[in-house]
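The structure under discussion appears below in the form of structure tokens.
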There are 2 protein chains.
Amino acid sequence: MKFSKIPTATITRLSIYSRYLESLSQEGVKIIASDKLAQKCGINPAQIRKDLAYFGEFGIRGVGYFVKELLFEIKRILGLNKTWKMALLGIGNLGSALLAHQNFIRQGYEFVAVFDVDPAKVARRVPSGQIIHHMDDLEKVVREKGVEIGVIATPAAKAQMAALRLIASGVKAILNFAPIQLQVPEGMAVENVDFTVKLDNLAYNLTMGEG
Amino acid sequence: MKFSKIPTATITRLSIYSRYLESLSQEGVKIIASDKLAQKCGINPAQIRKDLAYFGEFGIRGVGYFVKELLFEIKRILGLNKTWKMALLGIGNLGSALLAHQNFIRQGYEFVAVFDVDPAKVARRVPSGQIIHHMDDLEKVVREKGVEIGVIATPAAKAQMAALRLIASGVKAILNFAPIQLQVPEGMAVENVDFTVKLDNLAYNLTMGEG
DNA sequence: CCATATTTGTGCATTTATACACAAGAGGCG
DNA sequence: CGCCTCTTGTGTATAAATGCACAAATATGG
Ligand SMILES: NC(=O)c1ccc[n+]([C@@H]2O[C@H](COP(=O)([O-])OP(=O)(O)OC[C@H]3O[C@@H](n4cnc5c(N)ncnc54)[C@H](O)[C@@H]3O)[C@@H](O)[C@H]2O)c1
Ligand SMILES: NC(=O)c1ccc[n+]([C@@H]2O[C@H](COP(=O)([O-])OP(=O)(O)OC[C@H]3O[C@@H](n4cnc5c(N)ncnc54)[C@H](O)[C@@H]3O)[C@@H](O)[C@H]2O)c1
């Protein structure tokens, strides 16, 4: 892997930069300096320049960065010059909100297949149009549709099993919303979204602030 | 602040430990060793012991940790020996899913007030019972109910304004679901939950894996 | 065409985080 | 009671991430 030495924190920040560049681009702003970008992203300006330096020289000294060009480059680096195909497992409260979310497709992520086990849900159509498949058909559908990323929004107790099914189907990347640590083999990419962890951080900060 | 030198990564991990300890506790497991805990949380065992060592000695050499005791201590450290009062701003797809989520209250977080600006929603009751207040009443209601944590689930374009309103009302901690970096004064605690950042990390990993 | 004002790209120091490896302590067993 | 086994707690090494500070490069204006 050519770029294997890039800090993961850098990738996360690139994603944040791209989000702000996107909005600048829409506002018609042509050029941005690392100082301004840094301030808006809450990051040190030298950090931004260093993050970009891992991948090339995208700026002009004395000027700054061309917004559109930088955005294009960052998206290329992150692998967003294509649409990624996702499967959603668990069409409950959270899963439905994810499906309704318009930003994903705008940013290059599409739910091409959705799954549940609830007989009351399977075979129905969700508002965004997809038919809910039963988990039993996961492997078949995943392969047919070319799913690349699995999104787990099942109850926590079912999440590990869901992950195993995804892995068995050849999926190499998982976004996990269940509040457990998934056990996966080497080579899998797993990202967790755990709201409670964030809340716990806030609670700790508030507690410390007082004594 | 007495504990101000604790790494933020430690706090995040404590939260993860507590999640697993909770499930162990429910299964009736009495004792756990750092090795096992480490494996389940995907963390180095020495790291766990060091994390705990910041706050005291909770284990017994040659034995391990008493699950209930350790869980209690971690919760105390994080400030979870009380129920935190939250306000939710924006009762859309995501906000509704958050309200429907049962785990929050179980883990010590309660939505005591909810807000929106949509006339079709204001003054109605959400399924979990709260009446939707108008944003105009934010300050008044926040003070009345003693809100400590603000949760922002408004459209991105309204998130910064929502944050300012929370700050003006005396709220010191914000959980932000909008995909923007909030600009807040010193002393505020802000945590962002940005799904797309996580997806971008996955996309990058998948892209690298191939070339 | 030179002087000046900017802002990038980067070497280096510093801080922060992670991991190894082992001494110290606790329990069990003969 | 002494020996053996186990697991913690931690000193120390290593690695990763951050941030300062400045030289290099570009634009502008007289
Ligand atoms: N709702 C939230 O705001 C929220 C917040 C944080 C975390 N989470 C986590 O997200 C997950 C989903 O939460 P939710 O509120 O949507 O729960 P939910 O109960 O509303 O939905 C879960 C869905 O998963 C389906 N399901 C059950 N077993 C399944 C299986 N084996 N395979 C596929 N689907 C299965 C259920 O039929 C249901 O439709 C949970 O793990 C929860 O802890 C949710
Ligand atoms: N739905 C998802 O899965 C998802 C995923 C990632 C991020 N997000 C982010 O979460 C936020 C909410 O997403 P959503 O899907 O629920 O959107 P939504 O459009 O369904 O809901 C937004 C709600 O906010 C209300 N609102 C608008 N202006 C407001 C204001 N000034 N103050 C208070 N409330 C206001 C609207 O009336 C609406 O009820 C967005 O920022 C979105 O980018 C959502």
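Residue numbering restarts at 1 for every chain, and letters A, B, ... go by the order of the sequence lines. Fair warning: this is a prediction, and the values are worked out from it, not measured in the lab.
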Do NZ/NE/NH1/NH2 and the carboxylate oxygens of B/Lys82 and B/Glu148 come within less than 4.0 Å?
yes
If you take the centroid of each ring, where Trp contributes its six-membered ring, are B/Phe58 and B/Phe66 closer together than 6.0 Å?
no
Using OP1 and OP2 only, check whether a side-chain N or O of A/Tyr65 sits under 4.0 Å from C/dT6.
no
Taking the side chain as every heavy atom from C-beta outward, state whether B/Asn205 and A/Ile11 have any atom pair closer than 4.5 Å.
no
For A/Lys50 and B/Phe58, take the nucleotide of DNA chain D holding the closest heavy atom to each; which residue's nucleotide lies nearer the 5' end?
B/Phe58
Taking side chain as C-beta onward, heavy atoms only, is A/Ile132 less than 4.5 Å from A/Phe115?
no
So, B/Glu22 and B/Arg19, do they make that salt bridge, N to O below 4.0 Å?
no
Describe the nucleic acid contact of B/Ala33 in one word from base, sugar-phosphate, nothing, applying a heavy-atom distance below 4.0 Å.
sugar-phosphate
Between atom CD1 in B/Ile48 and atom P in C/dC20, what is the gap in whole Å?
13 Å
So what does B/Ser34 hit on the nucleic acid, given a heavy-atom distance under 4.0 Å: a base, only sugar-phosphate, or nothing?
sugar-phosphate
Which residue, B/Leu52 or A/Ala9, contacts DNA chain D at a nucleotide closer to its 5' end, judged by nearest heavy atom?
B/Leu52
Counting the atoms with a prime plus P, OP1 and OP2 as sugar-phosphate, which does A/Ala46 contact under 4.0 Å by heavy atoms, base, sugar-phosphate, or nothing?
base
Do any side-chain nitrogens or oxygens of B/Arg13 fall under 4.0 Å of OP1 or OP2 in C/dA17?
no
Exactly one of A/Val151, A/Leu138, A/Asn176, A/Ile174 clears side chain to side chain contact (heavy atoms under 4.5 Å, CB included) with A/Leu89, and that residue is A/Leu138
Please figure out whether A/Gly62 or A/Glu57 has its closest DNA chain C nucleotide nearer the 5' end.
A/Gly62
For chain B and DNA chain D, what are the first and last nucleotides along the strand, 5' to 3', with at least one atom under 4.0 angstrom from a heavy atom of the protein chain?
D/dC6 to D/dT12
State which of C/dT18, C/dA26, C/dG9 makes the closest approach to the side chain of B/Gln47.
C/dT18
